[in-house]
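What follows is a short report on a single structure.
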Number of protein chains: 2
Amino acid sequence: MEPKENRTTEEAILEAAEAEFIEKGFDQARTVSIAQRAGVTNALLHYYFRTKEQLFDKILDRKIGLIEEVVTSLFADPDLPLKERLTRVISRHFDLLVANPGLPRFLMGEMHRVAPLMKERVLSKMLPALMSLQKEIDMDATHLLLDILSQNMFPFLVGPALELSGVASEGMDTLLEQIKQENITIILKRLGL
Amino acid sequence: MEPKENRTTEEAILEAAEAEFIEKGFDQARTVSIAQRAGVTNALLHYYFRTKEQLFDKILDRKIGLIEEVVTSLFADPDLPLKERLTRVISRHFDLLVANPGLPRFLMGEMHRVAPLMKERVLSKMLPALMSLQKEIDMDATHLLLDILSQNMFPFLVGPALELSGVASEGMDTLLEQIKQENITIILKRLGL
DNA sequence: ATCTTGTTTAACAAACTTGTCAAGGCAAAG
DNA sequence: CTTTGCCTTGACAAGTTTGTTAAACAAGAT
């Protein structure tokens, strides 16, 4: 018999798992809670994904994939002006975070699980881009990249806790856009661009 | 009868708890493990500190206290030149992190527990200093402060994971000093100082 | 010496969580 | 219709972890 076209339940579980894991982190996430969210029993969850960790890894894979996309954008348009390339990287990275506001906190909290995969899949792809970038700037390229990540991620790390200095959700869109532009300006200014 | 002078066991438990909590976070921390580290039984731990959460709160109090110290240094020498004051704040904050390298990761991971206490004890004290600082600079003072925190904390957040770009522990001291000076320069340059 | 108060221990229970199992259901193939 | 293979379920077991309890212990007060 052909594999039945029952992606729905599997997808439902994956979506529920993604929400739960990002919301609560691996430790606080409960498999039964995920199953409930997906509208299935816990046994079914374990039927599709043997263990909690395997389910987690599936989710992690998805998210790392998103970051890979941004990283590969470092290669794109290799003969565009440096200023323009950096602007795009910062912008795309920030947009990624806007679309996944919980991602920074999730990755940071699960760093010990994330690091190996990150090193293997992302850092290796980043290396050539970093090497060529290094030829164009004075400061250490790795350090620059870390600063970009830092500056972009930090609002999302502290934001949920401090409610971004009391700003409600109304002006959120414009505030985020403002922060993004600011981050771009700051990085470019540091390189004298 | 006067309270017996048996601070030793209580302190031992507190120290063990601090190590365990910062090392593993609240969820992964085990009360029995803390008790073992302190060389006592788990029952004794619960005798001194009723619950795991109460013990955690005691530790959190200590750490928040450290941050309070740095924050209050914003008030110190109110008629020192702005440049000098900022330099001191960045420097003291960075030194605090050097002395407590696990603190950023700990605070970030436990943000949901940290945030309320942080808001009440630290942010309130920060407000007057921020108001007066705002009169002296163009950009948003809160944003500036977040950037300072961001820039200082990030190396400690990603450091343990990436091994700080492969740098071993030998050159660590000088590397940290280098990063600190860099952070100071970057912030000052942004303000045109 | 005995009482009292704070300390310490071993054993225990209660709750929670992950993961398994045996059995039934359902839809297409034969 | 029956077989076959995936899907689904309820009940359950096994392990962990927090927190309690009753009883013993040490030492100063009376």
Side-chain angles (χ1 to χ4, degrees), chain A residues 1-63 106 109-110 112-114 117, chain B residues 1-63 106 109-110 112-114 117:
Chain A
M1 186 189 281
E2 291 89 59
K4 208 186 282 182
E5 194 70 39
N6 231 0
R7 284 281 174 290
T8 46
T9 44
E10 186 170 336
E11 256 306 315
I13 294 176
L14 279 173
E15 279 176 30
E18 177 171 326
E20 175 98 356
F21 278 131
I22 288 188
E23 201 173 286
K24 308 187 182 173
F26 183 84
D27 298 325
Q28 284 290 336
R30 302 287 166 237
T31 55
V32 290
S33 173
I34 293 174
Q36 278 177 353
R37 285 192 191 212
V40 301
T41 60
N42 57 337
L44 189 56
L45 182 145
H46 286 286
Y47 171 76
Y48 282 103
F49 312 91
R50 225 50 6 184
T51 73
K52 185 182 180 183
E53 282 199 16
Q54 278 187 40
L55 181 55
F56 179 85
D57 289 345
K58 280 276 200 303
I59 303 299
L60 190 57
D61 252 30
R62 290 182 160 196
K63 291 305 177 187
F106 173 72
E110 243 62 50
H112 52 117
R113 296 172 196 276
V114 171
L117 201 59
Chain B
M1 187 189 281
E2 291 88 58
K4 208 186 282 183
E5 194 69 40
N6 232 1
R7 284 280 175 288
T8 46
T9 44
E10 186 171 336
E11 257 306 314
I13 295 176
L14 279 173
E15 279 176 30
E18 178 170 327
E20 176 97 357
F21 277 131
I22 289 189
E23 201 173 285
K24 308 187 182 174
F26 183 85
D27 298 325
Q28 284 291 334
R30 301 289 163 237
T31 55
V32 291
S33 173
I34 294 173
Q36 278 176 352
R37 284 192 192 213
V40 301
T41 59
N42 58 337
L44 188 58
L45 181 146
H46 286 287
Y47 170 76
Y48 281 104
F49 311 91
R50 213 124 277 236
T51 72
K52 185 183 180 183
E53 282 200 15
Q54 278 187 40
L55 181 55
F56 180 85
D57 288 344
K58 281 274 200 302
I59 302 299
L60 191 57
D61 251 31
R62 288 182 162 196
K63 292 305 178 188
F106 173 72
E110 243 61 50
H112 52 117
R113 295 172 197 276
V114 171
L117 201 59

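If you're wondering where the values come from, they're calculated on a predicted model, not measured in any experiment. What you see below is based on every heavy atom in this structure, not just the backbone, and it leaves out hydrogens, waters and symmetry mates. Here is how names work: the chains are called A, B, and so on, in the same order as the sequence lines, proteins then strands, and each is numbered from 1.
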All salt bridge (charged side-chain N to carboxylate O under 4.0 Å, His left out) counterparts of Asp61(A), not counting sequence neighbours: Arg121(A)
Please name all residues satisfying salt bridge (charged side-chain N to carboxylate O under 4.0 Å, His left out) with Glu110(A), sequence neighbours left out, ordered by chain then number. Arg113(A)
Can you name the salt bridge (charged side-chain N to carboxylate O under 4.0 Å, His left out) partners of Lys52(B), sequence neighbours left out? none
Quick test of your reading: applying salt bridge (Lys or Arg N to Asp or Glu O under 4.0 Å), list the pairs with at least one residue in residues 37-51 of chain A, sequence neighbours left out, ordered by first then second residue. Glu20(A)-Arg37(A), Glu23(A)-Arg37(A)
Per atom distances to the Thr51(A) side chain, the nearest of dG19(C), dG19(D), dT8(D) is dG19(C)
CZ of Arg50(B) versus C1' of dT18(D): gap in Å, rounded? 14 Å
note: Phe56(A), atom CZ; dG19(C), atom P; distance rounded to Å ~ 14 Å
From CZ of Phe49(A) over to C1' of dT18(C), roughly how many Å is that when rounded to an integer? 16 Å
For DNA chain D, the residues among residues 34-47 of chain A that have a non-hydrogen atom under 4.0 Å from it: Thr41(A), Ala43(A), Leu44(A), Tyr47(A)
Testing Ile13(B), Ile59(B), Ile34(B) for side chain to side chain contact (heavy atoms under 4.5 Å, CB included) with Phe49(B), which one passes? Ile13(B)
Once side-chain hydrogen bond (donor to acceptor under 3.5 Å, both in side chains) is applied, do any residues pair with Asp57(B), and if so which ones, sequence neighbours excluded? none
The criterion is side-chain hydrogen bond (donor to acceptor under 3.5 Å, both in side chains); which residues satisfy it with Gln28(B), sequence neighbours excluded? Asp27(A)
Spacing of Asp27(A) atom CG relative to dC16(C) atom P, expressed in whole Å: 18 Å
What integer distance in Å separates Glu53(A):CD from dT17(C):C1'? 14 Å
With the criterion being N/O to N/O and under 3.5 Å, what pairs connect the protein with nucleotides 14-17 of chain D, and how long is each?
from: dT17(D); atom 1: OP1; to: Arg30(B); atom 2: NE; distance (Å): 2.8

Give a yes/no on whether any side-chain N or O of Thr9(B) is located under 4.0 angstrom from OP1 or OP2 of dT7(C). no
Suppose we screen for side-chain hydrogen bond (donor to acceptor under 3.5 Å, both in side chains). Which residues come up paired with Lys58(A), at least two apart in sequence or across chains? none
